[in-house]
Protein chains: 2
Amino acid sequence: MTLAEAKAKFIADWGRFGTNWGINRTMAQIHALLLISPDPLSADEVMEELSISRGNANMNVRELIDWGLVQKVIRPGERKEYFSAEKDIWKVARQIVKERKKRELDLMIPVLKELSEVEGDKRDKAVKTFTDTINNIRKFSDQADKTLDTMIRADEHWFLGSLMKLFAGKRD
Amino acid sequence: MTLAEAKAKFIADWGRFGTNWGINRTMAQIHALLLISPDPLSADEVMEELSISRGNANMNVRELIDWGLVQKVIRPGERKEYFSAEKDIWKVARQIVKERKKRELDLMIPVLKELSEVEGDKRDKAVKTFTDTINNIRKFSDQADKTLDTMIRADEHWFLGSLMKLFAGKRD
DNA sequence: CTGAACTTTCAAAACTTATTGAAAGTTTTA
DNA sequence: TAAAACTTTCAATAAGTTTTGAAAGTTCAG
């Protein structure tokens, strides 16, 4: 496979993969393109490489910046803005976990608390099943909250090293 | 909040939450409904509670069964099929991880291997950046693959207990 | 200032995905 | 075996999401 073919395949696959995770195809493709670019790219270069419109490029680059995955690069003496992606995948993964936690889990936890305070007689089977389920989800969420916070703070070597050592003795 | 209000809110929120994760709203709502039902529900009850069509109910219940989150329950002496959801959230989470891994990571790993075999001169900056990025992703994916396999096999108590103990000394 | 170079916005159009409901299929009962 | 009870399918349609591109906005050199 030539570099050009490999690039095209990586961009297409990363884009398809992204859609499974609620990220839009173009956003994932721009991310892929920037991941494999040795140098920062301008909006025009992104448009050209992916055959997308200016508005689309702008919107999705902005969203990648919001997610903390891409940065603007200003080159001295140039008007144009350039964009470059964080290349260390461990940092990328941590950043994604951090943002999703903020946008999802952190919003869900107070909702679960509210739901757990439903009124009604615990001897009523419907009430009991409801509160048991919500409390089960709450316990899980609180645990996930703590675990993810720790992961977000961890550095790669420590995290993978410890986890692997931990798991090593537990295989069946 | 009354039970009826709480149920409605939980179903709506779980549904909204699901769409963030590439699960369709109806599927997540049916899952929510079954999670909080003390007894298995029939297709008609699901249709009625969520105001959805028969086809929609059937399709999404089937998908929940495919994901291993819901089971058919046959009651002696009754024609109708009933459906009930696994209520233990740790099992639900493990099942989801297992299925997503199968549908996503397991498909991605061979693609990354193929991409890492791109031809070209390593002294070419474009080639080097490409292969470095792909190899970085491969290393991460291989690690994730192993970690997830172990998690899938782990039982709740062991996993959370060990992980928490591990993390306990590492807070800042 | 002014105008060129560039970025951002947003309404309309294209595309994608989910839902309906009636018809077809299957199983059970009598 | 026939009809009732139930489940599944799928083409049409509705709903939701993404993309376009032209217009508006911003910045900066001269």
Side-chain angles (χ1 to χ4, degrees), chain A residues 11-34 40-67 70-84 103-104, chain B residues 11-34 40-67 69-84 100 103-104:
Chain A
I11 290 167
D13 288 347
W14 198 253
R16 193 157 37 70
F17 190 76
T19 60
N20 289 146
W21 285 88
I23 289 155
N24 94 44
R25 207 178 78 251
T26 303
M27 185 173 155
Q29 287 181 341
I30 295 175
H31 188 222
L33 176 64
L34 295 176
L41 300 181
S42 67
D44 287 286
E45 288 166 322
V46 170
M47 288 163 59
E48 166 69 20
E49 290 264 3
L50 303 177
S51 310
I52 59 174
S53 71
R54 186 171 296 286
N56 197 8
N58 181 273
M59 208 162 188
N60 283 293
V61 164
R62 183 146 39 76
E63 188 131 25
L64 284 164
I65 293 172
D66 279 354
W67 276 79
V70 163
Q71 289 198 305
K72 272 191 194 175
V73 175
I74 304 297
R75 294 176 143 164
E78 281 206 69
R79 277 293 281 292
K80 242 181 248 198
E81 297 176 338
Y82 289 81
F83 305 100
S84 84
R103 293 161 196 226
E104 294 164 30
Chain B
I11 290 167
D13 288 347
W14 199 253
R16 192 157 38 67
F17 190 77
T19 60
N20 289 146
W21 285 88
I23 289 155
N24 94 43
R25 207 177 78 252
T26 303
M27 185 172 154
Q29 287 181 343
I30 295 175
H31 188 222
L33 175 64
L34 295 177
L41 301 181
S42 67
D44 287 286
E45 287 166 322
V46 170
M47 288 164 59
E48 166 70 18
E49 290 264 3
L50 303 178
S51 312
I52 59 173
S53 71
R54 187 171 295 286
N56 198 8
N58 180 272
M59 209 160 187
N60 283 292
V61 165
R62 184 145 38 77
E63 188 132 24
L64 284 165
I65 293 172
D66 279 353
W67 276 79
L69 300 174
V70 163
Q71 289 197 305
K72 273 191 193 175
V73 175
I74 304 297
R75 293 177 143 164
E78 281 207 69
R79 278 293 283 289
K80 245 181 243 192
E81 295 176 338
Y82 289 80
F83 304 100
S84 84
R100 293 201 79 143
R103 294 160 196 226
E104 295 164 30

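Rounded to the nearest 0.5 angstrom, Arg75(B) CZ and Lys80(B) NZ are separated by 10.0 Å. Considering CD of Glu81(B) and CD1 of Ile74(B), their distance stands at 5.0 Å, rounded to 0.5 Å. Taking CZ of Phe83(B) as the reference point, atom CG of Leu64(B) lies at 10.0 Å (rounded to 0.5 Å).
The number of heavy-atom neighbours closer than 6.0 Å to CE of Met47(B), taken from other residues, nucleotides and ligands shown, is above 12.
Nearest-nucleotide positions on DNA chain C place Phe83(A) closer to the 5' end than the other of Phe83(A) and Gly77(B).
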Where protein sits on nucleotides 13-30 of chain D, one letter per nucleotide: B base, S sugar-phosphate only, - none, heavy atoms under 4.0 Å: -----SSBB-----BS--
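Close to dT7(C), at under 4.0 Å from its OP1 or OP2, lies no side-chain N or O of Asn58(A). For the OP1/OP2 pair of dT7(D) and a distance below 4.0 Å, the side-chain nitrogens and oxygens of Arg62(B) include no atom meeting the criterion.
Note: CE (Met47(A)) to P (dA5(C)) measures 16 Å, nearest angstrom. In this structure, Glu63(A) atom CD and dT8(C) atom C1' are separated by 15 Å, rounded to whole Å. Rounded to whole Å, atom P of dT7(C) lies 9 Å from atom CD1 of Ile74(A). For the pair Lys80(A) NZ and dC6(C) C1', the interatomic distance rounds to 9 Å; values are reported in whole Å. In this structure, Leu50(B) atom CG and dT20(C) atom C1' are separated by 15 Å, rounded to whole Å. Separating the NZ atom of Lys72(A) from the C1' atom of dT7(C) is a distance of 8 Å, rounded to the nearest angstrom. A straight line from CD of Glu78(B) to C1' of dA4(D) spans 16 Å, rounded to a whole angstrom.
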Return a table of donor-acceptor pairs under 3.5 angstrom between the side chains of residues 14-25 of chain B and protein atoms on other chains or two or more places apart.
{"from": "Trp14(B)", "atom 1": "NE1", "to": "His31(B)", "atom 2": "ND1", "distance (Å)": "3.4"}
{"from": "Arg16(B)", "atom 1": "NH2", "to": "Asp13(B)", "atom 2": "OD1", "distance (Å)": "2.8"}
{"from": "Thr19(B)", "atom 1": "OG1", "to": "Arg16(B)", "atom 2": "O", "distance (Å)": "2.6"}
{"from": "Trp21(B)", "atom 1": "NE1", "to": "Glu104(A)", "atom 2": "OE1", "distance (Å)": "2.5"}
{"from": "Asn24(B)", "atom 1": "OD1", "to": "Thr26(B)", "atom 2": "N", "distance (Å)": "2.9"}
{"from": "Asn24(B)", "atom 1": "OD1", "to": "Met27(B)", "atom 2": "N", "distance (Å)": "3.0"}
{"from": "Asn24(B)", "atom 1": "ND2", "to": "Asn60(B)", "atom 2": "OD1", "distance (Å)": "3.1"}

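In this structure Asn58(A) satisfies the side chain to side chain contact (heavy atoms under 4.5 Å, CB included) test together with Arg62(A), sequence neighbours excluded.
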